[in-house]
Amino acid sequence: MRVLSGIQPSGSLHLGNFFGMMKKMIDYQEHEELFCFIANYHAMTSLSNGKELATGTLEAAANFLALGLDPEKSVFWVQSDLPEVQELSWILSNFTPMGLLERCHSYKDKVGQGIKPNHGLFAYPVLMTADILLFQSDRVPVGKDQKQHLEVARDIAIKFNNEYGEVFTLPEPEIDDEVATVPGKDGRKMSKSYGNTIDLFLDEKPLRKQIMQIVTDATPVEEAKNPDSCNLFQIYRLFLDEASVAELRQRYLTPGLRYGDVKQELFETVRDFFAPYSEKRKELLADPQGLRKVLAEGADKARYAADKTMRKVRKKVGLGY
Ligand code: ADP
Ligand code: TRP
């Protein structure tokens, strides 16, 4: 089974990104054919600083590789290294009813927020469709916010296939309800836009500060506490095995637990958990040429798969004359 997902390069990473998406993708490489790319064309819809985009792209690559993505076991590349995806996007635009895009929530939400829409933002789901169909992806793991874009991809694929025969694999979305939303410091979904994140790859001091800011209730020390309504517990449990979660739960239920102590333990756990990855990340970023080489090799592998699709598509639509 071919699993594909794209990630926009965005500055810093938090525990929500790691447990909600990256870890799952990295685990896939052991059992499935994993295609994973950095969606830098998509990032242009919200970022116009070229330097920032270029740096962010290399950082995103270093993040994934440091956290365990193995370019030998997967296909890992930067979207813009395969400009053929733009050609497919144009071809697919001709099978995309305006209404389909006009109905997209993420587009409507941005317009609602007062962002002046341009064609890039409007056509975003078509490019995403091209990403998916170019590689004949069977399954696409995404967050809930991307669900509708997957429906668009399927609609476009069906329209195209109706016209020309079974050219594209119909992708199945994988929207994981099991990976419960990782809560942030204030209990809402952890998100950059809420400013409630606990970040990966921080130095000790700012990391400790973020963890100490986790909001807890005012239950006195001498009373039992409720683990299920506690953010701190919900975040800590992500790092623990079943037996340790049960043990922590028991400590909550026993009077005497101090939230400050649990925060200190969580700080040490997070620090120690990411320390080796952080070292690896530093090494990778210190050698940008090495990173570019890994990405170029990944692009070669991706191109091989993309060419197969594009030859078929060009012929069908009449561009190969
Ligand atoms: P942010 O909300 O911080 O801007 P992004 O939208 O860049 O995060 O997140 C990229 C991906 O990381 C999402 O598609 C989603 O799969 C995952 N993700 C982000 N935040 C969380 C969270 N709090 N819990 C679970 N997964 C998350
Ligand atoms: N739009 C996705 C996001 O913001 C990123 C993305 C681009 C993607 N192309 C994709 C995800 C193709 C899955 C498949 O999260």
Side-chain angles (χ1 to χ4, degrees), residues 2-26 28 34-47 56-57 59-60 63-64 67 75 77-80 82 85-86 88-89 92 104-107 109-110 120-121 123-154 156-157 168-169 171-200 214 231 234-235 237-238 302 306:
R2 186 169 288 179
V3 179
L4 172 138
S5 199
I7 292 95
Q8 293 199 39
S10 64
S12 54
L13 286 177
H14 54 71
L15 295 181
N17 299 138
F18 179 70
F19 287 104
M21 188 256 295
M22 300 177 85
K23 188 172 177 297
K24 204 168 68 178
M25 289 295 284
I26 292 167
Y28 263 127
L34 174 65
F35 278 60
C36 177
F37 67 97
I38 299 168
N40 60 341
Y41 281 140
H42 277 106
M44 291 178 73
T45 58
S46 57
L47 186 64
T57 301
E59 276 180 11
N63 291 341
F64 254 103
L67 290 168
V75 183
W77 76 104
V78 176
Q79 189 182 29
S80 65
L82 264 78
V85 75
Q86 294 293 353
L88 183 58
S89 183
L92 296 175
C104 283
H105 304 304
S106 74
Y107 174 74
D109 289 352
K110 295 222 166 86
L121 192 64
Y124 181 113
V126 187
L127 179 58
M128 184 161 161
T129 301
D131 290 326
I132 296 167
L133 302 187
L134 184 58
F135 300 99
Q136 308 288 359
S137 317
D138 297 298
R139 184 165 292 203
V140 182
V142 284
K144 283 191 197 106
D145 56 327
Q146 299 294 322
K147 183 169 181 242
Q148 196 182 26
H149 291 159
L150 259 291
E151 287 161 10
V152 169
R154 285 176 63 90
I156 296 175
F168 293 123
T169 305
E172 292 292 336
E174 180 184 303
I175 294 146
D176 203 338
D177 291 326
E178 229 171 78
V179 180
T181 304
V182 176
K185 290 185 295 196
D186 57 0
R188 291 184 293 170
K189 175 191 179 234
M190 188 178 287
S191 171
K192 277 189 288 296
S193 41
Y194 294 149
N196 64 355
T197 61
I198 294 170
D199 294 338
L200 269 51
I214 295 174
N231 284 323
Q234 298 306 333
I235 297 173
R237 67 176 300 157
L238 297 167

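Atoms within a ligand are numbered from 1 in the order they appear, just like the ligands themselves. All of these numbers come straight from a predicted model, not from anything done at the bench.
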Counting each atom of ligand 2 from 1 as listed, which ones have a heavy atom of [X] under 4.0 Å away?
X	result
Val140	13 (C), 14 (C)
Ile132	12 (C), 14 (C)
Val142	13 (C)
Tyr124	1 (N), 2 (C), 3 (C), 4 (O)

Open item on the list: Side chain or backbone, does Gln8 bring an N or O within less than 3.5 Å of an N or O on ligand 2?
Closed with: yes
Open item on the list: Considering both backbone and side-chain atoms of Ser5, is one of its nitrogen or oxygen atoms within less than 3.5 Å of a nitrogen or oxygen in ligand 2?
Closed with: no
Out of [options], indicate the one that has the non-hydrogen atom closest to [atom].
atom	options	value
atom 3 (O) of ligand 1	Lys192, Gln146, Met25	Lys192
atom 16 (O) of ligand 1	Lys24, Met21, Met190, Arg188	Met21
atom 25 (C) of ligand 1	Gly16, Ser5, Pro183	Gly16

TODO: For ligand 1, indicate whether the residue Met22 contacts it via side chain, backbone, both or neither (heavy-atom separation under 4.0 Å).
DONE: neither
Open item on the list: With respect to Asn17, determine whether any N or O atom, backbone or side chain, lies less than 3.5 Å from an N or O atom of ligand 1.
Closed with: yes
Open item on the list: Evaluate Ser191 for polar contact with ligand 1, using N/O atom pairs at a separation under 3.5 Å.
Closed with: yes
TODO: Report the nearest protein non-hydrogen atom to atom 5 (C) of ligand 2: residue, atom name, distance rounded to 0.1 Å.
DONE: Gly6 O, 3.4 Å
- [ ] Could you check whether the rings of Trp77 and Phe35 sit parallel, tilted or perpendicular, using 30° and 60° as the cut-offs?
- [x] perpendicular
- [ ] List every atom of ligand 1 that sits less than 4.0 Å from any heavy atom of Gly20, numbering the atoms from 1 in the order shown and giving each element.
- [x] 25 (C), 26 (N)
TODO: Classify the contact between Gln146 and ligand 2 as side chain, backbone, both or neither, using a heavy-atom distance cut-off of under 4.0 Å.
DONE: side chain
Task: Qualifying residues under salt bridge (Lys or Arg N to Asp or Glu O under 4.0 Å), relative to Lys23, sequence neighbours excluded - done: Asp27
- [ ] Enumerate the residue pairs fulfilling salt bridge (Lys or Arg N to Asp or Glu O under 4.0 Å) with a member in residues 129-141, sequence neighbours excluded, ordered by first and then second residue.
- [x] Arg139-Glu174
Open item on the list: Quick check on His14 - does any of its heavy atoms sit under 4.0 Å from an atom of ligand 1?
Closed with: yes
